[in-house]
Amino acid sequence: MPLQETVTDQVVRGLTDDGASVRLRAALAAGTTPDPGFVGALVERCAVEPDFQVREMLTWALTRHPASLTVPVLVEEVRSERAQARSQALHTLSKIGDRLAWPAITPRVLADADDEVARSAWRAAVALAPEDEWPELAVALAAQLGRGGREVQLSLSRALVALGEVIEPALRVAAADHDPRVRTHAAATELLLRDPDAGFEFAIEEAKRAVALGVE
């Protein structure tokens, strides 16, 4: 067996080892010496890897391979039944930054029932959307206002603020929503848009007061 095939097999086996440190080294090796034979194994491991540091190394390794090899496989993973597979695929696509993946970020993906998948989708959307798609993206993102706890809401606000002033019409619509959670989140996001240095907790508390007092 040629040496390169032996090394590839060793790395692929290492990705499924019981030890996190072994998997980490295998992912590092896969990124240091990219090989088309690694792509499928890296993507598959992303779907099940329990260790955060290893997952980040897997993503890094995939970014080291040609987008022509990785993007089609990752786009397919966005439709996976496994939430972690979807989340990691979206996270990796955002790091690769190839806008050919943009059509995979559908409204359904942006509204995924799993919070971690949705958060990854929001970040990926901001990274991949062409500028002329930003107004429509702002509407889709604003439809999620009021969702989840603080971390989820902060992720959404950051994604919206990253789009800039184009989000203002969507925020105005959300500010008139019947749900006070939506109105509060919209007001906090608007505050962050005006003052990016304001902390999210401060923005939320200010928004709560404004909504309670009926301040526009």
Side-chain angles (χ1 to χ4, degrees), residues 1-106 108-110 112-129 148-156 158-159 162 200:
M1 183 179 292
L3 178 60
Q4 183 58 40
E5 290 182 356
T6 302
V7 171
T8 300
D9 289 345
Q10 289 174 347
V11 170
V12 170
R13 281 197 301 273
L15 291 173
T16 60
D17 193 271
D18 289 340
S21 61
V22 176
R23 299 196 302 274
L24 186 69
R25 289 196 297 272
L28 175 61
T32 302
T33 56
D35 185 305
F38 295 150
V39 173
L42 289 167
V43 172
E44 179 59 29
R45 189 63 204 175
C46 281
V48 296
E49 175 56 51
D51 187 279
F52 173 77
Q53 287 186 314
V54 178
R55 290 199 302 271
E56 286 298 287
M57 188 65 76
L58 292 167
T59 286
W60 173 80
L62 284 164
T63 67
R64 297 273 295 162
H65 288 74
S68 60
L69 296 178
T70 58
V71 169
V73 183
L74 291 166
V75 165
E76 187 65 29
E77 281 291 280
V78 172
R79 296 188 285 269
S80 172
E81 293 293 322
R82 296 176 292 189
Q84 183 170 306
R86 301 195 300 275
S87 178
Q88 282 299 120
L90 289 160
H91 174 61
T92 305
L93 286 169
S94 72
K95 296 296 184 183
I96 292 171
D98 189 326
R99 288 187 170 172
L100 290 177
W102 164 240
I105 316 299
T106 63
R108 181 178 179 180
V109 172
L110 293 170
D112 196 286
D114 185 280
D115 285 343
E116 289 307 310
V117 177
R119 293 172 72 188
S120 294
W122 301 336
R123 290 189 291 265
V126 170
L128 300 175
R150 285 289 198 269
E151 289 302 315
V152 173
Q153 292 191 4
L154 175 57
S155 291
L156 181 57
R158 283 174 171 166
F200 186 67

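Numbering of residues begins at 1 and proceeds along the displayed sequence. Below, each value reflects all heavy atoms present in this structure, side chains not excepted, and no hydrogens, waters or symmetry copies.
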Backbone N/O of A83 and side chain of S87: donor-acceptor pair under 3.5 Å: no
Closest approach of L128 to D98 (non-hydrogen atoms, all atoms of both residues): CD2-O, 3.5 Å
Side-chain heavy-atom pair L74, I96 within 4.5 angstrom cut-off: yes
Heavy-atom closest contact (W122 atom, L110 atom, distance): NE1-O, 2.9 Å
Interatomic distance, I105 atom CD1 to R123 atom CZ [nearest 0.5 angstrom]: 12.0 Å
Point-to-point distance, once rounded to the nearest 0.5 Å, from CD of E116 to OG of S155: 7.5 Å
Audit row: Q88, E77, side chain to side chain contact (heavy atoms under 4.5 Å, CB included) steps and yes/no: CA-CA 9 Å; Q88 282 299 120; E77 281 291 280; over 6 Å; no
S94 to A127 - nearest heavy-atom pair and separation: O-CB, 4.0 Å
Side-chain donor/acceptor of R82 to backbone N/O of A47, under 3.5 Å: no
CA sep, side-chain torsions, deciding dist, call: D35, V11, side chain to side chain contact (heavy atoms under 4.5 Å, CB included): CA-CA 10 Å; D35 185 305; V11 170; over 6 Å; no
Interatomic distance, C46 atom SG to E56 atom CD [nearest 0.5 angstrom]: 9.5 Å
T92 and L58: CA distance, side-chain angles, deciding distance, side chain to side chain contact (heavy atoms under 4.5 Å, CB included) verdict: CA-CA 9 Å; T92 305; L58 292 167; over 6 Å; no
Atom of F38, atom of T33 and distance for their closest heavy-atom approach: CE1-O, 3.2 Å
R86 side-chain N/O to E81 backbone N/O, donor-acceptor pair under 3.5 Å: yes
T59 side, atom OG1; K95 side, atom NZ - distance, nearest 0.5 Å: 8.5 Å
Closest contact, heavy atoms only, A118 versus D112: CB-O, 3.8 Å
H65 side-chain N/O to P36 backbone N/O, donor-acceptor pair under 3.5 Å: no
Value rounded to 0.5 Å, distance of CD in Q153 from CG in D115: 10.0 Å
Residues in side chain to side chain contact (heavy atoms under 4.5 Å, CB included) contact with R108, at least two apart in sequence or another chain: T106
Distance, nearest 0.5 Å, that separates CZ of R25 from CG of L28: 10.0 Å
Residue pair G31 / R64: nearest heavy atoms and the distance that separates them: O-NE, 2.8 Å
Qualifying residues under salt bridge (Lys or Arg N to Asp or Glu O under 4.0 Å), relative to R23, sequence neighbours excluded: E49
Trace of the side chain to side chain contact (heavy atoms under 4.5 Å, CB included) decision for T32 with W60: CA-CA 10 Å; T32 302; W60 173 80; 4.0 Å; yes
Donor-acceptor contact present, side-chain R55 to main-chain P50, <3.5 Å: yes
